[in-house]
Amino acid sequence: MSTLKMDLSSYKDLLKQYIETQNEQALYRAEQFSKHSIQQNISPDEIVDVHVQALSELYPDIPENIMNSMNFLLETMISYGLAYQEYQALREKQFELQSEISVAANMQDTLLSTTKPNVEGLDIGVTSQPARQMSGDYYHFVQDQKGSVGIAVADVIGKGIPAALCMSMIKYSMDSFPDEQMYPSSILEGMNRVVERNVDPSMFITMFYGLYDQASNHFYYSSAGHEPGFYYSAKNDEFSEIEAKGLVLGVDRSATYKQYETLVEPGDMIVLLTDGVTECRAGERFIEREEISDVIHQYKHLPAQEITEQVYQHFERLQDFQLRDDFTMVIIRRDV
């Protein structure tokens, strides 16, 4: 405290020097004084108070209205100092939260990582972009010993760290299923029981699971309330909606899920997505589903991975590069 008093007592001399000379040396000393004040946690109102006292001693005949204005400044700085302290405390909490979210996002990337399979006769592409650091979307590939490929696409109604933790549970639960239980209806019924036991009732999970049988070129699939995808018929050069109904996961422990199947002809495409794709907006208008299939059709000559990237870039531009929801699209195409 003695050092502080000594520094503040020198302020009068510093102020007098500047008023009389207005030279750079005085300004430099003022700059050093400011830095030292910050290091000593001296508040702005303390400096103003010293300034008022210094003026009173240097110029005892200062008009009363000028002194009143200085006192007004002092009161203002007291309020400013309190507000600034609160602001700094909030910033520190924000930085801590951002740091925690960054760690959680990195953990999510690690926990939910999946490898796009390299399957003879199939061209597979996937693009998944979170609207924020943490994603509520999830996709996962599973390949059995026979070469069949399972693909899960899910969406948690809820975002942030709870959604990420929920998705981690979904992935590791799926990895625990043996190969003979890879058929979509069995997968979703098993996942439904896991979610019903372990997920808070306020969180809902939609999920689509499909199995591509490489031996027969049949695609088996079931849905738990998930956004319908598209099926592209190369022969007819047209898209149709993949219709599959089922209750969202975790609502009813005894729920069953109907399994559908279709023969995939050469050149046909299976398009799976989340509602972050279908709920894109052009201004205040939600896009139509036909707009999505039209964009996919525009790039159908490209490899599957490039198609998903071009579609994402198209709708990213449409939304002025500000995603309102997580964007996930998976395309599986049978080679001609």
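Closest approach of Glu241 to Pro228, counting heavy atoms only: CG-CB, 3.7 Å. Taking every heavy atom of both residues into account, Ala154 and Ile205 meet most closely at CB-CG2, 4.5 Å. Scanning both residues, Ile307 and Tyr299, for their nearest heavy atoms gives CG1-O, 3.1 Å. The shortest non-hydrogen separation linking Ser185 to Ser222 is N-OG, 3.5 Å. Nearest approach of Arg333 to Lys300, heavy atoms of both residues: NH1-O, 2.6 Å. For the pair Phe141 and Pro117, the tightest heavy-atom approach, listed with the atom from each and the gap, is CG-CD, 3.4 Å.
Residues meeting the ring pair (Phe, Tyr, Trp, His ring centres under 6.0 Å) test with Tyr260, sequence neighbours left out: Tyr221. Annotation: side-chain hydrogen bond (donor to acceptor under 3.5 Å, both in side chains) contacts of Glu291 (sequence neighbours excluded): Arg285. Legend: residues meeting ring pair (Phe, Tyr, Trp, His ring centres under 6.0 Å) with Phe230, ordered by chain and number and at least two apart, are absent. For the salt bridge (charged side-chain N to carboxylate O under 4.0 Å, His left out) test, residues two or more places apart in sequence or in another chain that qualify with Glu57 are Lys12. By the side chain to side chain contact (heavy atoms under 4.5 Å, CB included) test, Thr278 pairs with Glu227, Leu273, Asp275, Arg289, Ile292, sequence neighbours left out. Remark: His218 engages Ser216, Tyr220, Glu261, Leu263 in a side chain to side chain contact (heavy atoms under 4.5 Å, CB included) (not counting sequence neighbours). Residues satisfying the side-chain hydrogen bond (donor to acceptor under 3.5 Å, both in side chains) criterion with Asn23, sequence neighbours excluded, are Thr21. The side chain to side chain contact (heavy atoms under 4.5 Å, CB included) search around Gln88 returns Tyr84, Arg91, not counting sequence neighbours. Applying the side-chain hydrogen bond (donor to acceptor under 3.5 Å, both in side chains) criterion to Ser79, with sequence neighbours excluded, gives no partner residue. The salt bridge (charged side-chain N to carboxylate O under 4.0 Å, His left out) test applied to Glu31 returns Lys35, not counting sequence neighbours. For Tyr232, the ring pair (Phe, Tyr, Trp, His ring centres under 6.0 Å) criterion is met by Phe239, not counting sequence neighbours.
Put simply, OG1 on Thr328 and CD on Gln129 are 8.5 Å apart, with the number rounded to the nearest 0.5 Å. Atoms CG and CG, from Asn192 and Leu249 in turn, are 5.5 Å apart once rounded to the nearest 0.5 Å. Distance CZ/Phe208 to OG/Ser223: 6.5 Å, rounded to 0.5 Å. Distance OH/Tyr28 to CZ/Phe33: 15.0 Å, rounded to 0.5 Å. Note that CE of Met329 is 9.5 Å distant from CG of Leu272, once rounded to the nearest 0.5 Å. A distance of 8.5 Å separates OH in Tyr209 from CD1 in Ile151, rounded to the nearest 0.5 Å.
With contacts defined as side-chain heavy-atom distances shorter than 4.5 Å, the pair Ser148/Tyr212 does not qualify. Looking only at side-chain heavy atoms (C-beta outward), Asp237 and His297 come within less than 4.5 Å of each other. Residues Val271 and Val330 form no side-chain contact, since every pair of their non-hydrogen atoms from C-beta on lies 4.5 Å or further apart. Taking 4.5 Å as the limit, every side-chain heavy atom of Tyr138 sits out of range of all side-chain heavy atoms of Asp326. Lys245 has its side chain out of reach of Lys258: every pair of non-hydrogen atoms, C-beta onward, lies at least 4.5 Å apart. Side-chain contact check for Thr115 versus Gln143: every heavy-atom pair is 4.5 Å or farther apart. Residues Tyr231 and Val264 have side chains in contact (heavy-atom distance under 4.5 Å, counting atoms from C-beta outward). Counting heavy atoms from C-beta outward, Val149 and Val142 have side chains that stay 4.5 Å or more apart.
Not a single donor-acceptor pair under 3.5 Å links the side chain of Arg253 to the backbone N or O of Val194. Between the side chain of Asn236 and the backbone N or O of Glu238, no donor-acceptor pair lies under 3.5 Å. A donor-acceptor pair under 3.5 Å is formed between the side chain of Lys116 and the backbone N or O of Ile124. A distance-only check finds a donor-acceptor pair linking the side chain of Gln305 to the backbone of Val126 [under 3.5 Å].
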Exercise for the section: Begin with the C-alpha distance, continue with both residues' side-chain angles, and end with the deciding distance and a verdict on side chain to side chain donor-acceptor pair (under 3.5 Å) for Gln17 and Asp13. Expected result: CA-CA 6 Å; Gln17 178 187 353; Asp13 295 333; over 6 Å; no
Practice task
Quick one: do Val311 and Phe327 satisfy side chain to side chain contact (heavy atoms under 4.5 Å, CB included)? Show the steps, please.
Solution key: CA-CA 10 Å; Val311 172; Phe327 182 108; 4.2 Å; yes
Problem - Stepwise salt bridge (Lys or Arg N to Asp or Glu O under 4.0 Å) check, Asp268 with Lys235 - result: CA-CA 8 Å; Asp268 288 2; Lys235 179 181 178 181; over 6 Å; no
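Between the side chains of Glu46 and Ser43, at least one donor N or O sits under 3.5 Å from an acceptor N or O. Side-chain atoms of Thr274 and Asp137 include a donor-acceptor pair closer than 3.5 Å.
A salt bridge is defined here as a Lys NZ or Arg NE, NH1 or NH2 lying under 4.0 Å from an Asp or Glu carboxylate O, and Arg334 with Asp123 fails to meet this definition.
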Under 3.5 Å donor-acceptor pairs involving side-chain atoms of residues 58-72, not counting sequence neighbours:
unit_1, atom_1, unit_2, atom_2, d
Asn68, ND2, Glu64, O, 3.4
Ser69, OG, Ile66, O, 2.5
Asn71, ND2, Met67, O, 3.3

